[in-house]
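Remarks on the structure that follows.
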Amino acid sequence: MSETTTLPPLAVAFGADHAGVALKDTLAAALRAEGFAVHDLGTTGSDSVDYPDYADKVAAAVADGTVQLGVLVCGTGIGMSIAANRHPAIRCAVAHDVTSARLSRAHNNANVLALGARLVGELVALDCLHAFIATGFEGGRHAPRVAKLGLAGKPAA
Ligand code: RB5
């Protein structure tokens with residue numbers, strides 16, 4: 001007799017500032033329609049907000065295990081990535097092409113993807129997101145390098 005195991009859907013947290021909110025909403029809706037567990041942590045409107053506040057929310061959700069992956073959208077992706085990478089457990093990659101998105105997972109075990117809504121179109125952003133979600137960490141020679149990115153891998157000051 002065979003047993004069927006149902007895995008819980010991958011949980012993904014989304015955050016954006018006012019420059020990224022429209023693209024964030026589009027990406028979140030796409031993943032929701034595909035059956036992922038989407039946690040939309042804002043922002044929700046066009047009022048001007050500060051991107052570090054939303055990077056912090058998504059970083060915290062990834063770091064505490066509420067979600068497995070995060071997606072941050074601002075105008076360029078740069079501010080979001082800088083803010084997210086201040087959290088020790090976060091490896092946030094800015095990607096504006098599919099190869100970067102894929103390799104950020106395969107080689108760097110990135111757990112947050114940052115996108116720039118003013119730099120990429122919706123279809124490119126969707127392709128980046130799908131590549132990011134579908135790719136796993138390769139491990140092997142990349143594992144000790146990624147370990148050095150964590151606090152435990154830092155040489156004593
Ligand atoms: C907001 O105008 C813009 O500075 C922000 O979205 C982002 O691009 C910062 O890195």
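As the structure is a computational prediction, the values presented were derived from the model and not from experiment. Read the numbers this way: they start at 1 and go in the same order the structure lists the ligands and their atoms. Values below: every heavy atom of this structure, side chains too, minus hydrogens, waters and symmetry copies.
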Numbering the atoms of ligand 1 from 1, which are under 4.0 Å from a heavy atom of [X]?
X   : answer
T76 : 8 (O), 10 (O)
Y51 : 9 (C)
A19 : 6 (O)
G75 : 5 (C), 6 (O), 7 (C), 8 (O)

Taking every non-hydrogen atom, the tightest pair across [X] and [Y]:
X   : Y    : value
L31 : F14  : CD1-CZ, 3.8 Å
A95 : S100 : CB-CB, 3.9 Å
A37 : P9   : N-CB, 4.0 Å
L41 : A13  : CD1-CB, 4.0 Å

For atom 3 (C) of ligand 1, which protein heavy atom lies nearest, and how many Å away is it? R118 NH1, 3.8 Å
Identify the protein heavy atom lying closest to atom 10 (O) of ligand 1, giving its residue, its atom name and the separation to 0.1 Å. G79 N, 2.9 Å
Do protein heavy atoms approach atom 8 (O) of ligand 1 to less than 4.0 Å?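 Looking at atom 8 (O) of ligand 1, one finds that a protein heavy atom does lie closer than 4.0 Å.
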Determine whether the side chain, the backbone, both or neither of D17 has a heavy atom under 4.0 Å from any heavy atom of ligand 1.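 Near ligand 1, D17 shows its side chain, while the N, CA, C and O stay back.
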Could you see which bit of C74 sits under 4.0 Å from ligand 1, with heavy atoms only: side chain, backbone, both or neither?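 C74 to ligand 1: contacts from backbone and side chain alike.
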Does CD belonging to E122 count more than 12 external heavy atoms closer than 6.0 Å?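 Counting neighbours around CD of E122, 12 or fewer heavy atoms of other residues, nucleotides or ligands fall under 6.0 Å, so no.
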In plain terms, say whether K24 and D40 are close enough for a salt bridge, that is, a side-chain N and a carboxylate O under 4.0 Å apart.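 Counted as a salt bridge, because a side-chain N and a carboxylate O are separated by less than 4.0 Å.
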Residue-ligand contact H18/ligand 1, heavy atom below 4.0 Å: yes
Would you compute the distance between atom CG of L129 and atom CG of D127 and round it to the nearest 0.5 angstrom? 9.5 Å
